[in-house]
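Written below as structure tokens is the structure these notes are about.
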Amino acid sequence: MTASQQVVLPDSLEGKTVLVAGSAGFVPSHLSEHYLNLGAKVIGLDNFITGSESNVEALAGYKNYEFHKCDVTKGLPNLDGVKIDYIYSLASPASPIDFQVIPEEIMSVNSIGTWNLLQLAKEKGARFLEASTSEVYGDPEIHPQKEDYWGNVNPIGLRSCYDESKRFAEALTMTYHRTHKVDTRIIRIFNTYGPRMRPNDGRVIPNFINQALKGEDITIYGDGSQTRSFCFVSDLVAAMHRVMFSNDPTPFNIGNPDEYSIKETAELIVKLLDSSSKLTFLELPKDDPKRRRPDLTKIQSVSDYEPKVSFEDGMRQTAEYFKSLF
Ligand code: NAD
Ligand code: UDP
């Protein structure tokens, strides 16, 4: 058996139930749709703190979709007698502008919320996947980032509510794995974009595309030399599915390794959208990571994962989505 055969993907998930916490959000709504298309029943939970009703409406057409409005930090809906096979713990705001507006909600969902979901996984005998983040590497001193790097995080900085609570969520997940024998997985998601992001989300891709579409100045923070690696959402969902069906409880990086400076990203978007926008340079937020790129060796050693959507295609599809909201 070759290493790439370690992940065996099911052809269908008919008869299986997948619970997605955060289902009204950007990534979770696409993930929910992926499982509905595989024939699973999907139970979505969300309190709409950063999610949207329209994402739930997009899923409501599937007869196997069941949605519960609920804050996972305050308790879960009554699921007595309901069989649950897989739990995705995706509920958490993720935009750096949220880190200053709702820091306690972020810390609470990644600690108490994750705890409640792990407990549910234990009670139901379900496999559990925690959505962690490349932010656990902080402002990394190792490039590209491999899973065995422990990171360089400022524990009291403006981003710490997110970075440290995600690190806590990873620790809690491993604790449930070791102590309660829950079958767990952890993914570290690198910058992901696509349709269903909030236009005013504050993250770089929605900002730049909307500014370019409106002919407004493109707001580059700092000199734009910092880098990110952008993954289109369908590629991310393909990677999440592979990790769920792997047999390794330790973290997997997932994303797209194509790395761009932020200035280059702005220039490419302006060109792609044939925009008249000019670049403007604003103050760089504190602790903004200088470089970020996933080392994907680990996921690629156990599966056939390969990002498929190019920067240009992904940006075009995302721009079409934002245009449809005008
Ligand atoms: P998102 O904000 O669109 O989705 C998160 C969803 O969780 C929202 O619908 C929100 O309303 C919901 N939520 C938050 N707190 C909740 C609570 N207490 N109870 C119930 N629902 C709650 O963000 P996203 O970008 O789709 O991110 C999804 C997950 O992936 C998050 O866990 C995030 O940390 C992780 N992640 C995303 C990225 C990315 O680039 N998109 C990168 C790293 C990690
Ligand atoms: N950024 C920018 N202009 C914006 C929004 C973000 O230059 O309008 C920069 C930000 O400073 C960071 C990068 O783009 O260096 C990615 O930011 P984002 O908020 O998308 O996520 P991060 O990777 O920092 O979590």
Side-chain angles (χ1 to χ4, degrees), residues 20-32 44-53 55-56 68-76 88-99 102 105-114 116-117 129-136 139 159 162-163 165-166 169 187-194 196-198 201-211 216-231 233 236 240 253-256 260-263 265-266 279-292 294:
V20 179
S23 184
F26 156 54
V27 171
S29 68
H30 287 279
L31 185 84
S32 299
L45 311 180
D46 208 294
N47 66 350
F48 295 112
I49 190 166
T50 51
S52 81
E53 304 255 3
N55 289 344
V56 173
H68 298 262
K69 183 170 179 198
C70 121
D71 179 339
V72 297
T73 69
K74 306 251 160 71
L76 302 179
Y88 276 92
S89 170
L90 304 185
S92 169
S95 170
I97 58 168
D98 293 328
F99 302 170
I102 44 173
E105 287 84 345
I106 291 173
M107 297 182 88
S108 161
V109 73
N110 286 312
S111 53
I112 302 163
T114 299
N116 287 340
L117 292 164
L129 182 145
E130 174 61 24
S132 183
T133 165
S134 53
E135 282 282 325
V136 299
D139 189 4
R159 302 172 83 99
Y162 185 67
D163 301 10
S165 65
K166 287 288 189 184
I187 50 173
R188 293 183 179 152
I189 303 176
F190 284 66
N191 297 64
T192 299
Y193 69 97
R196 300 191 189 152
M197 285 186 105
R198 295 172 297 172
D201 181 277
R203 283 180 275 188
V204 67
I205 301 302
N207 275 9
F208 285 5
I209 290 183
N210 281 290
Q211 289 160 347
E216 295 169 355
D217 283 354
I218 306 281
T219 54
I220 295 182
Y221 303 159
D223 63 6
S225 61
Q226 70 272 32
T227 70
R228 295 294 186 271
S229 306
F230 299 109
C231 184
V233 65
L236 188 84
M240 293 168 89
N253 286 338
I254 59 174
N256 182 322
Y260 299 85
S261 76
I262 292 303
K263 182 160 175 277
T265 305
L279 309 189
T280 176
F281 294 83
L282 306 176
E283 197 183 337
L284 184 69
K286 234 180 148 310
D287 294 334
D288 199 290
K290 285 182 257 330
R291 296 184 76 184
R292 189 183 282 158

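All of these numbers come straight from a predicted model, not from anything done at the bench. Throughout, numbering of the chain's residues begins at 1 and tracks the sequence. One-based numbering, in listed order, for ligands and for the atoms of each.
Remark: among candidates E105, R196, K166, R228, the nearest residue to atom 32 (O) of ligand 1 is K166, based on non-hydrogen atoms. The heavy atom nearest to atom 40 (O) of ligand 1, considering only D201, T192, I254, N116, is found in T192. The option from L236, D71, I102, I49 that lies nearest to atom 18 (N) of ligand 1, judged by heavy atoms, is D71. Across A94, G22, G25, heavy-atom proximity to atom 27 (O) of ligand 1 is greatest for A94. For the residues M240, R203, R198, the heavy atom positioned nearest atom 24 (P) of ligand 1 is part of R203.
With sequence neighbours left out, K69 forms a side-chain hydrogen bond (donor to acceptor under 3.5 Å, both in side chains) with no residue at all.
Of the N or O atoms in V27, one or more lie within a sub-3.5 Å distance of an N or O in ligand 1. Residue P93 places no N or O, backbone or side chain, under 3.5 Å from any N or O of ligand 1.
The closest approach between a heavy atom of A24 and any atom of ligand 1 is below 4.0 Å.
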Any protein N/O atoms within less than 3.5 Å of an N/O atom in ligand 2? List the atom names and distances, or say none.
| residue | atom | partner | partner atom | Å |
| --- | --- | --- | --- | --- |
| ligand 2 | 3 (N) | T219 | O | 2.6 |
| ligand 2 | 7 (O) | Y221 | N | 2.8 |
| ligand 2 | 8 (O) | N207 | ND2 | 2.8 |
| ligand 2 | 8 (O) | T219 | O | 3.2 |
| ligand 2 | 8 (O) | T219 | OG1 | 2.9 |
| ligand 2 | 8 (O) | Y221 | OH | 3.4 |
| ligand 2 | 11 (O) | D288 | OD2 | 2.6 |
| ligand 2 | 15 (O) | Q226 | NE2 | 3.0 |
| ligand 2 | 15 (O) | R228 | NH2 | 3.3 |
| ligand 2 | 15 (O) | D288 | OD1 | 2.6 |
| ligand 2 | 15 (O) | D288 | OD2 | 3.3 |
| ligand 2 | 20 (O) | V204 | N | 2.8 |
| ligand 2 | 23 (O) | N191 | ND2 | 2.8 |
| ligand 2 | 23 (O) | R228 | NE | 2.6 |
| ligand 2 | 23 (O) | R292 | NH1 | 2.8 |
| ligand 2 | 24 (O) | R159 | NH2 | 2.9 |
| ligand 2 | 24 (O) | R228 | NH2 | 3.2 |
| ligand 2 | 25 (O) | E135 | OE2 | 3.4 |
| ligand 2 | 25 (O) | R159 | NH2 | 3.0 |

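Residue contacts with ligand 1, taken as heavy atom pairs separated by less than 4.0 Å, involve N191 solely via the backbone atoms N, CA, C and O.
Donor-acceptor pairing under 3.5 Å is lacking for the side chains of T133 and R188.
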